[in-house]
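Notes follow once the structure below has been shown.
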Amino acid sequence: MLRFLLIELFLILLVPKGISAKLPVFVDVTKKAGINFKHASGKAQRYFIVETLGSGVATFDYDDDGWIDIYFVNSGQVLHRDQQAKNVLYRNNRDGTFTDATESSGTGDFGYGIGVTVGDYDNNGTADLYVTNYGQNVLYRNNGDGTFTDVTEKAGVGHQGCGTGCAFADFDLDGDLDLYVANYVPKDQMLATTGSSGYKNPIFYDGEIDVLYQNNGDGTFIVITPRLGDSTIFRDARGLGVVVADYNRDKLADIYIANDKSKNLYFLNNGDGTFTEVATLTGVGYGASGNALAGMGVAVGDYDNDGWIDMFVTNFAYEFNNLYHNEKEFFVDAAASAGLGDPSYLYVGWGTFFFDSDNDGDLDLFIANGHIMDNNELQSDQLTYEQPDQLFENRGNGKFVEISIESGDYFSQKHVARGSAYFDYDNDGDLDLLISNSNQFPILLRNDGGNHQNWLQMTLIGTTSNRDAVGTQVIIQAGNQIQTREVQSSGSYCSVNDYRLHFGVNAAKQIDLVEVRWTSGTVQKLKDIAVNQHLTVIENQQ
């Protein structure tokens with residue numbers, strides 16, 4: 001008996017404080033799920049820098065059947081449209097597999113794709129798609145019958161540039177979704193500025209002005225970019241990841257953009273139709289040492305459950321990633337103290353997100369990695385082209401610890417990752433992972449064991465607020481634990497996560513209080529909610 005007690009004690013001591021002894025394992029089920037998409041970057045000998053950007057993914061319910069589908073953005077050839085490199089839409093078959101629905105849905109754009117966002121811009125109850133390209137961007141209107149219509153020209157959102165991250169949000173609180181689109185570099189420089197033995201440093205390229213669209217409420221948009229302020233701030237802004245959220249808790253949608261080798265931008269919404277850029281003032285423009293980094297992906301979430309949304313930004317190799325802790329009026333880079341600095345120093349980070357992998361009630365962190373130079377171009381004994389992705393467990397005390405190797409064989413493999421997203425594709429109460437890889441097949445990782453602890457998933461439907469409830473915040477209390485989530489239309493790197501809000505609640509038997517703070521100003525409260533269910537809440541309905 002003593003022997004078994006000693007063994008049990010040893011196992012407890014072996015697991016670091018704050019980490020569950022029963023970590024979930026992520027299993028590669030890509031082939032089993034019927035996903036055979038392969039990204040094409042069009043990589044050529046002329047080293048057009050756009051070839052390094054890879055592409056994003058969207059996880060969303062396009063047919064409104066309660067099961068999350070997948071949209072992959074493809075790229076192709078830089079100099080001409082490659083009709084073999086179409087974007088691909090997969091319909092969830094509800095049995096763990098997917099079916100290619102690209103042709104029947106009409107969503108197979110074959111522009112040089114980079115980013116994607118999802119949002120019901122016309123409030124008709126179906127999720128629409130916006131795709132950013134090197135070239136004209138595309139808006140697909142969901143017809144509600146499994147098909148989409150290209151309404152780019154009619155809507156007036158077909159910007160011709162090098163679009164990257166994008167996000168729908170109701171910036172003016174009028175009940176419909178507006179649109180923000182980041183741009184990377186000017187189109188003319190894309191073809192003129194190339195390397196001979198590798199991709200040139202982004203500092204050799206100018207920045208490009210982003211685009212802000214206002215929804216007219218009639219299916220069309222107008223450009224209101226000047227409301228962002230002085231356009232000169234974009235001269236050196238090579239935009240990539242974009243996340244819109246209410247960072248300062250004033251009930252208005254703010255905009256954060258990760259820029260490549262230039263100051264990141266943070267636009268505070270003034271509430272009068274204008275914005276003020278405050279990245280430097282609030283501490284989120286630069287790295288901890290005050291230098292501009294190669295910002296690519298952005299994760300946002302309340303990782304320490306203090307009610308304020310924090311930011312995490314991925315950067316290039318030999319640069320630390322940034323964990324910007326929200327101090328209410330400004331941010332402090334806590335990456336080093338949180339244990340997120342050194343582990344990613346040799347990696348090039350792209351897609352990233354906070355998510356509760358084990359349903360313990362705090363947000364863990366995923367990072368997708370991959371270099372832009374192949375091994376022949378790197379000329380380094382430390383760096384590699386293909387790199388492992390990383391998973392960090394939130395210890396609940398402001399610190400993270402890497403648990404990649406313990407979380408499945410996948411994390412010992414290497415890929416050239418770009419976009420990524422989380423979603424519960426099998427509706428079993430834990431969050432699964434999807435990773436898009438440059439010039440490679442994507443990876444679907446099923447979460448096995450994350451639902452050993454209790455959970456709640458919520459779908460919000462706005463009536464006075466925008467129908468997707470983008471920007472709505474939900475606060476739940478289960479026992480002594482309080483958590484905050486916000487519905488967001490963008491994240492990671494040029495990608496979209498599952499719109500449904502997911503809360504792990506550990507061993508709690510019920511949710512004592514759910515408070516829904518709609519963007520309209522309405523507050524709904526629900527008490528004594530059962531755990532382990534998918535809950536739909538409609539604005540102004542009990």
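Predicted, not measured: the structure shown is a model, and the values here were computed from it.
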Scan for salt bridge (charged side-chain N to carboxylate O under 4.0 Å, His left out) pairs involving residues 91-110, sequence neighbours excluded, and state none if there are none.
Asp65-Arg94, Lys86-Glu103
Asp528: partners by side chain to side chain contact (heavy atoms under 4.5 Å, CB included), with sequence neighbours left out
Gln510
Name all pairs fulfilling the salt bridge (charged side-chain N to carboxylate O under 4.0 Å, His left out) condition that reach into residues 479-508, sequence neighbours left out, sorted by first residue then second.
Asp498-Arg500
When you look at Thr459 and His534, which way does the side-chain hydrogen bond (donor to acceptor under 3.5 Å, both in side chains) test go after all the steps?
CA-CA 7 Å; Thr459 297; His534 298 268; over 6 Å; no
Which pair of heavy atoms, one from Asn36 and one from Phe441, lies closest together, and at what distance?
O-CE2, 3.6 Å
Identify, with sequence neighbours excluded, every residue that meets side chain to side chain contact (heavy atoms under 4.5 Å, CB included) alongside Thr30.
Asp28, Ile35, Ile443, Leu444
Does any N or O in the side chain of Ser404 come within less than 3.5 Å of the main-chain N or O of Leu391, such that one atom is a donor and the other an acceptor?
yes
Who passes side chain to side chain contact (heavy atoms under 4.5 Å, CB included) against Asn497, sequence neighbours left out?
Phe353, Ala421, Tyr422
Under 3.5 Å donor-acceptor, Asp424 side chain and Leu431 backbone
no
Does a sphere of radius 6.0 Å around CG in Asp409 hold more than 12 heavy atoms from other residues, nucleotides or ligands, not counting ones at 6.0 Å or beyond?
no
Hey, is Arg395 close enough to Glu393 for a salt bridge, meaning N to O under 4.0 Å?
no
Qualifying ring-ring contact (aromatic ring centres under 6.0 Å, His included) pairs with a residue from residues 387-411, counting only residues at least two apart or across chains:
Tyr303-Phe400, Tyr410-His415
Pairs satisfying salt bridge (charged side-chain N to carboxylate O under 4.0 Å, His left out), at least one member in residues 112-127, at least two apart
Asp122-Arg141
Does Thr147 have any side chain to side chain contact (heavy atoms under 4.5 Å, CB included) partners at least two apart in sequence or in another chain, and if so, which?
Asn143, Asp145
Can you say whether the rings of Phe72 and Phe37 are parallel (under 30°), tilted (30 to 60°) or perpendicular (over 60°)?
parallel
Donor-acceptor pair, side chain of Gln387 and main chain of Val348, under 3.5 angstrom
yes
Looking at Lys414 and Asp389, does any basic side-chain N land under 4.0 Å from a carboxylate oxygen?
no
Point-to-point distance, once rounded to the nearest 0.5 Å, from CG of Asp246 to OG1 of Thr484:
11.0 Å
Inter- and intrachain pairs under salt bridge (charged side-chain N to carboxylate O under 4.0 Å, His left out), touching residues 433-456, at least two apart
Arg446-Asp448
Show every ring-ring contact (aromatic ring centres under 6.0 Å, His included) that has at least one partner inside residues 489-510, sequence neighbours left out.
Trp350-Tyr493
Are the side chain of Thr472 and the backbone N or O of Trp518 linked by a donor-acceptor pair below 3.5 Å?
no
Test side-chain hydrogen bond (donor to acceptor under 3.5 Å, both in side chains) applied to Thr519 and Asp170, step by step
CA-CA 8 Å; Thr519 57; Asp170 187 2; 4.7 Å; no
Per side chain to side chain donor-acceptor pair (under 3.5 Å), Tyr71 is matched among Thr102, Thr107, Asn87 by Asn87
Does Trp455 offer a backbone N or O that forms a donor-acceptor pair with the side chain of Asn532 under 3.5 Å?
yes
Quick note, ring-ring contact (aromatic ring centres under 6.0 Å, His included) partners involving residues 106-126, not counting sequence neighbours, are Tyr121-Phe221
Please name all residues satisfying side chain to side chain donor-acceptor pair (under 3.5 Å) with Ser407, sequence neighbours left out, ordered by chain then number.
none
